[in-house]
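Numbers restart at 1 for each chain; the letters A, B, ... are given by sequence-line order, proteins then strands.
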Amino acid sequence: MNTPPAPLVDLGNLRVTFRLSDRTVPAVRGVSLTVGEGEAVGILGESGSGKSVTGRTLLGLLRTPPARIEVDHLRFRGEDLSAAVTRPGFSGQATKRFAMVFQNPFTALNPVFRIGTTLCEVLVKRRGMSRADARRAAVDLLDAVHISDAGNRLRSYPHEFSGGMQQRIMIALALALEPEVLIADEPTTALDVTVQARILDLLREIQRERRMGMIFISHDLDVVSEVVSRVYVMYAGRIVETGPVDELSRRPRHPYTQGLWASAPRLDRYKTRLPAIPGNPPAPGHAPPGCAFHPRCRLATDICAQERPEPRPVADGALVACHHLDRAAQERETV
Amino acid sequence: MRTSELTDPTSTAEGLPEEEAPPRRRAAVLRELGWMPLAGFAVVAFVIVVAALAPWIMPHDPLVSTSTQRFAGPSAAHWFGTDGYSRDVFSRMLLGSRVSIFVGFVVTATVLLVGGVLGLVAGYAGGLVDSIVGRIVDVLLAVPGILLAIAIVAFLGPGIQNVCIAISIHQLPAMVRVVRGATLSVRKRPFVRAGRAVGMGHTRLLLRHIGPFVLGVAMVQATLGFADAVLYEAALSYLGIGVQLPEPTWGNMISEAQSFLTRQPLNAIFPGLGLTLLLLGVNFLGDGLRDVFDPEGRYRS
Amino acid sequence: MFRYIVKRLLHTIPTLFLLAVGLFILVRVVPGDPVLAMVGENATPEQIEGLREQLHLNDPIYTQFLTWLGDLARGDFGNSVQLRRPVTDLIMPRVPVTLTLALLATLLTVVLAIPAGVVAAAHKGKAADRVALSASLVGVSVPSFFVGMMLMLVFAVNLRWFPTSGYRPLSEGLWTSLQGFVLPAITLGALYAAIVTRMSRTSMLEVLSQDYVVTAQASGFGRRRILYRHALKNALIPIVTVVGLNLGSLLGGSLVTERVFNLPGLGTLLLSSIERRDYPVIQAIVLLVTLTYVVINLIVDIVYAMLDPRVRYADK
Amino acid sequence: MTIENAPVPAPLAAAANGRVPLLEVRDLHKHYRVHASRWGGRAETLRAVDGVSLTLYRGETLGLVGESGCGKSSLANALLMLDPPTSGQVVFAGQDLTRMNAREMRRTRRRLQVVFQDPYSSLNNRMTVGQIVGEPLVVHRIGATATERRDRVAQVLDSVGLSARDARRYPHEFSGGQRQRIGIARALVTRPEVVVCDEPVSALDVSVQAQVLNLLQDLQEEYELSYLFISHDLSLVAQLVDRVAVMYRGTIVEQGDVRAVFTEPAHEYTRKLLAAVPGRRSRDRP
């Protein structure tokens, strides 16, 4: 009867608001998530859903102001970081635990530094290694991300690598911090399919071997499901559904998730019409009241426009925020 | 106007990730600009009005002695005092402002017209036309700063007409470059390709689609060019190779006053402050325009 | 690298050639007879004919041009018409004055303006930024000859800290010589410092908005390290270019400053030659300064290419 | 390898039977000269499009897939004469576009239109939607009066799912998906026969992508269009096209009926592409 161990990351009710010159824009309106030891979770959402802002908050990359961060709690292995995350300068603390891989490797590496310089700087300054140790460690890191001839490649500049290779270097750079959680923000969106497949393999391999936590942010369920075991679906700054990836892909419960799955083109269907969700995802700051999805929802009733649905537990530790769960489940059966 | 586009750099700079940045509103841009361009505009407008009305509002004849006292300090009769020939400094400054404004407008209009057309054509046509224009620009740019203007005046001789020619030639390459650069970059924008794909002719593309985008950038450059022209005219006149005495300009007034700097420094200070104020006004205005038309500073020269 | 330099060199040759043609033509299109203008109204026909001979004006135009070019190539700029001395003798003693002035002003720019621009960018929107921006806006708006005169009035005439004008050669001692350059250097440097400050600020701000700055943040580096190591190196590449190019413009600007402080540099020689209509001297000074400027541009281009490791594919 | 000497799969041969070729690309080349580095270096020839032959039949959708840098965009630009090809022919309705003079080409553009990838920058955001969509009518002198043109704009806006009222608004007031509808309306207003769709939905959100794809399918019927649909997304292509051509390093390595190519790929590269599609390996969605 012992209590389960505290999760690696436990974030409760994150809200991020941007104060622009003429108005305030709520980008994240209440996100709670947990990442277990060695667990990979995905955040899935369309543009403007707040998924990237969530990732950047955890790394302390948002400038405050204009951003204002509020949380009910943020715990890292039980350690309380609730106050720290809302303050400027969190990145110093954050990067002892989190590291990030960005969407665009072409611009994320400093063009005037050799990649050896970039890697060694992190190892020397953040991990306190000697220059010689750092060099050896840098070679090991490049080996770990499967860049051959690592010793010589350290002397190259970023532009001398292909996009896929640059993303591998970014991953090596993230690993140099020995993070406990790797945050990958659309890490393969800028890459070709064949390159994407190899990078996804690499991320999965590294995450499993090192038993790291991982938060994988993407707009593509198929990509996410290659790497993670649990998914959070975001819409207009909130999480609308969460659950194990298999469950979620086989039995989506929220009408938005259902619609998203159905409207994604698939390789095994030819020359068909896609059941599209009408309307557009709201821009940040323009989310309708109640359930933000209601104007596009086929099940919406009056209550959806007035009252925000609370996340309710359904089978297998999945949560869904919808007023019409039963009808959604029924309709799914008949689809 | 770029401000409405999704990839507005100012929003991302404020910390919103690009894809989640909302478009910035035009009103917000204007508010951020603040009072500076307005103040600049007010100053420039004031000087223009004064220059236009100078012959009617001058209290004294600026060309002849109207006082019994040389180098007199400010007084009720002579607001800015008198100079070495006991002429009224205030009246001379009013008359001098006409030269500054005249040269400013003539040069700006010439450069905008000639440089704008050359830049637009070179940037749009490319190929041989671009090479020829580019070569001319290279040659003009090979002579540094004010030396080109001095050299041209040296050979053409002094006088307001030659000053205008010299300064226009000096400014031409910058305008051509800026307009050419803007044209090139607009020409590559997808909406221009879309226009070609729809079947538009060159004239329509240039006038309806490329021109309006380039015009903003050209106006910014022209405003800065106005300041430059005022400054160069003053400098040439100060050096004694521009507008010749006894016709007063702020530049040659300063030059004249320098010999008697210890005796009456105000004779140099008043025209100097006049120039500074006018130039500040134009630069304030230009800065404001630049923030609106070229927020990323891509076409600065 | 070598190939690039050669290519860049070859590119400047037509520019210089066209410039020489331009200068040659200018003298010949001067309103009125240049010879008359040079020797004055009261000259005898013999004098005029002599000068025509001396200037090879009786030869066919292309022969004149080729002769002139050939002389130039040998470093022979001809003789001053009025002073009856080789132009080279007139120019050479004045070069150090102009060069010293330009270099001192550049030094001032580098020492003051680059840090000012970087600090302003680092504190965008804050007090330091506003001060730097306002100062630079004033700097580009005040005519340099007026600045010079005011400096002279305050520091030379009233406070007597520096000489009002004149030039003391290095032989009279380094400090004595330098003292005479302080006010002119500040005068000349002010305008360019203003330009470089703005430029540095813009360049730094642009770099600070790049993704790799976020990467550095995500690596947990402090603000200082990000600013002065990661961002500065990128920002410096365009700044070095601007400073280099400004050194050339400073040569032009120094012509005016010399007049304010009555320094015996190329500028004062140029102005007095203009008054005397001494065309060979004018031609020589314009050519010399331009040549220097072109060489500086060349060096700046090469330095720029060396600083920036990125290989650019032919986008021209 | 070009289509002539590639093995023609049975379904293609059947499809070609009795159908009218509308747009034929014959042995098209597009070469660029590039310099190896900023230091000068020897100029090399980049064969972006290296001998491509394609046929688009009336009423069908032909897909062109490939990864970035394979030359598919160069091919689109070359066959639309936006960036004229180095050699080869583009025969549209019996006429060779590469031999046309500027005037003839401009007139032909009325029948050969394009939808661009980026719905943000492909619209001039200083013009109203009405001006943008109506401009091709003005250029091609279609419609005698302004009223007539306005009616035609309203009609085409209606068929892409916008309203006539939207004609007075500016592009920045619309979302990405709606802007792409404006782009489609502009392409359709002259009643073209062929529309080249260059990655038309890759900049859009998934939930909006489907709407635009469905719209393109509806419009194909309504306007009797033939599409050349260029994309990097194999799933999307499967959904939409009749036949597909796979492009790799400037050449077409395989083409044929989309189901045949995707289920039994003949070329090594096609197999590699299909294997890399995410979700294929770990997913078993119903």
Side-chain angles (χ1 to χ4, degrees), chain B residues 9-10 12-13 17 36 135-136 138-158 162 224 227 230-232 234-236 238-241 250-251 254-255 257-258 261-262 265 268-269 271-273 275-284 287 296-297 300, chain C residues 11-12 14-16 18-19 22-23 26-27 29-32 124 133 137-138 140-147 149-150 152-153 157 164 199 202 205-206 208-209 245 248-253 255-256 259-260 267 270-271 273-275 277 279 282-283 285-286 289-294 296-297:
Chain B
T10 45
T12 46
M36 281 179 42
R135 204 12 68 73
I136 297 170
D138 274 355
V139 172
L140 291 179
L141 281 176
V143 189
I146 194 168
L147 183 63
L148 182 64
I150 294 180
I152 295 169
V153 174
F155 289 110
L156 297 182
N162 291 342
L224 301 176
V230 170
L231 190 61
Y232 272 42
L236 290 174
Y238 168 79
L239 294 176
I241 53 177
W250 294 355
I254 295 175
S255 173
Q258 189 177 2
L261 196 60
T262 44
I269 290 175
L273 286 181
L275 271 173
T276 305
L277 194 68
L278 176 59
L279 290 168
L280 264 177
V282 181
N283 283 329
F284 271 31
D287 259 28
E296 288 138 87
R300 282 166 208 185
Chain C
H11 187 77
T12 57
T15 306
L16 285 176
L18 283 175
L19 190 87
L23 266 178
L26 260 182
V27 180
V29 297
V30 170
K124 189 193 173 204
L133 266 187
L137 203 57
V138 173
V140 295
S141 301
V142 193
S144 67
F145 54 91
F146 182 56
V147 174
M149 222 177 281
M150 289 305 109
M152 192 195 283
L153 189 65
V157 176
T164 48
M199 172 64 210
T202 311
L205 280 180
E206 162 139 13
L208 285 176
S209 70
L245 296 181
S249 313
L250 280 168
L251 287 174
L255 307 183
V256 181
R259 171 68 162 234
V260 179
L270 178 65
L271 290 169
S273 304
I274 292 174
E275 277 157 28
R277 303 208 168 191
Y279 292 118
I282 302 174
Q283 273 180 331
I285 293 177
V286 173
V289 176
T290 303
L291 191 67
T292 317
Y293 185 53
V294 168
I296 291 171
N297 281 358

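- Contact tally against chain B (heavy-atom pairs below 4.5 Å) for C:G267, C:P14, C:P143, C:S144: the top residue is C:P143.
- Nearest heavy-atom pair across C:T15 and B:D138 is CG2-O, 3.8 Å.
- B:L280 has its side chain within reach of C:V138: a pair of non-hydrogen atoms, C-beta onward, lies under 4.5 Å apart.
- The residue among B:T262, B:I269, B:I150 with the most heavy atom pairs within less than 4.5 Å of chain C is B:I269.
- When heavy atoms are compared at a cutoff of 4.5 Å, C:I282 approaches chain B solely by way of its side chain, counted from C-beta outward.
- C:M150 touches chain B through its side chain: at least one heavy atom from C-beta onward sits under 4.5 Å away, while N, CA, C and O do not.
- Side-chain atoms of B:I254 and C:F145, non-hydrogen and from C-beta on, do get closer than 4.5 Å to each other.
- Taking every heavy atom of both residues into account, B:I146 and C:G253 meet most closely at CG2-N, 4.4 Å.
- Residues satisfying the side chain to side chain donor-acceptor pair (under 3.5 Å) criterion with B:N283, sequence neighbours excluded, are C:S141.
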Yes or no on side-chain contact (heavy atoms from CB on, under 4.5 Å) for B:L147 and C:L255, after CA distance, side-chain angles and deciding distance? CA-CA 8 Å; B:L147 183 63; C:L255 307 183; 3.4 Å; yes

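- The two residues B:Q258 and C:V260 have their closest heavy-atom pair at NE2-O, 2.9 Å.
- With a threshold of 4.5 angstrom between heavy atoms, C:L271 approaches chain B through side-chain atoms but not through N, CA, C or O.
- Counting heavy-atom pairs closer than 4.5 Å to chain C, the top-ranked of the candidates B:G251, B:A234, B:A151 is B:A234.
- Not counting sequence neighbours, the partners of B:Y232 by the ring pair (Phe, Tyr, Trp, His ring centres under 6.0 Å) test are B:H170.
- Interface remark: B:L141 contributes backbone atoms only to the contact with chain C (heavy atom separation under 4.5 Å).
- Only the side chain of B:I241 has a heavy atom closer than 4.5 Å to any heavy atom of chain C.
- Only the side chain of C:V157 comes within contact range of chain B, judged by heavy atoms closer than 4.5 Å.
- Across all their heavy atoms, C:Y293 and B:A142 have their closest contact at CD2-O, 2.9 Å.
- In this structure, no portion of C:V147 lies under 4.5 Å from any heavy atom of chain B.
- Looking only at heavy-atom pairs under 4.5 Å with chain C, the residue among B:L239, B:V282, B:L278 that has the most is B:L239.
- Proximity to chain B is limited to the side chain of C:L270, based on heavy atoms less than 4.5 angstrom apart.
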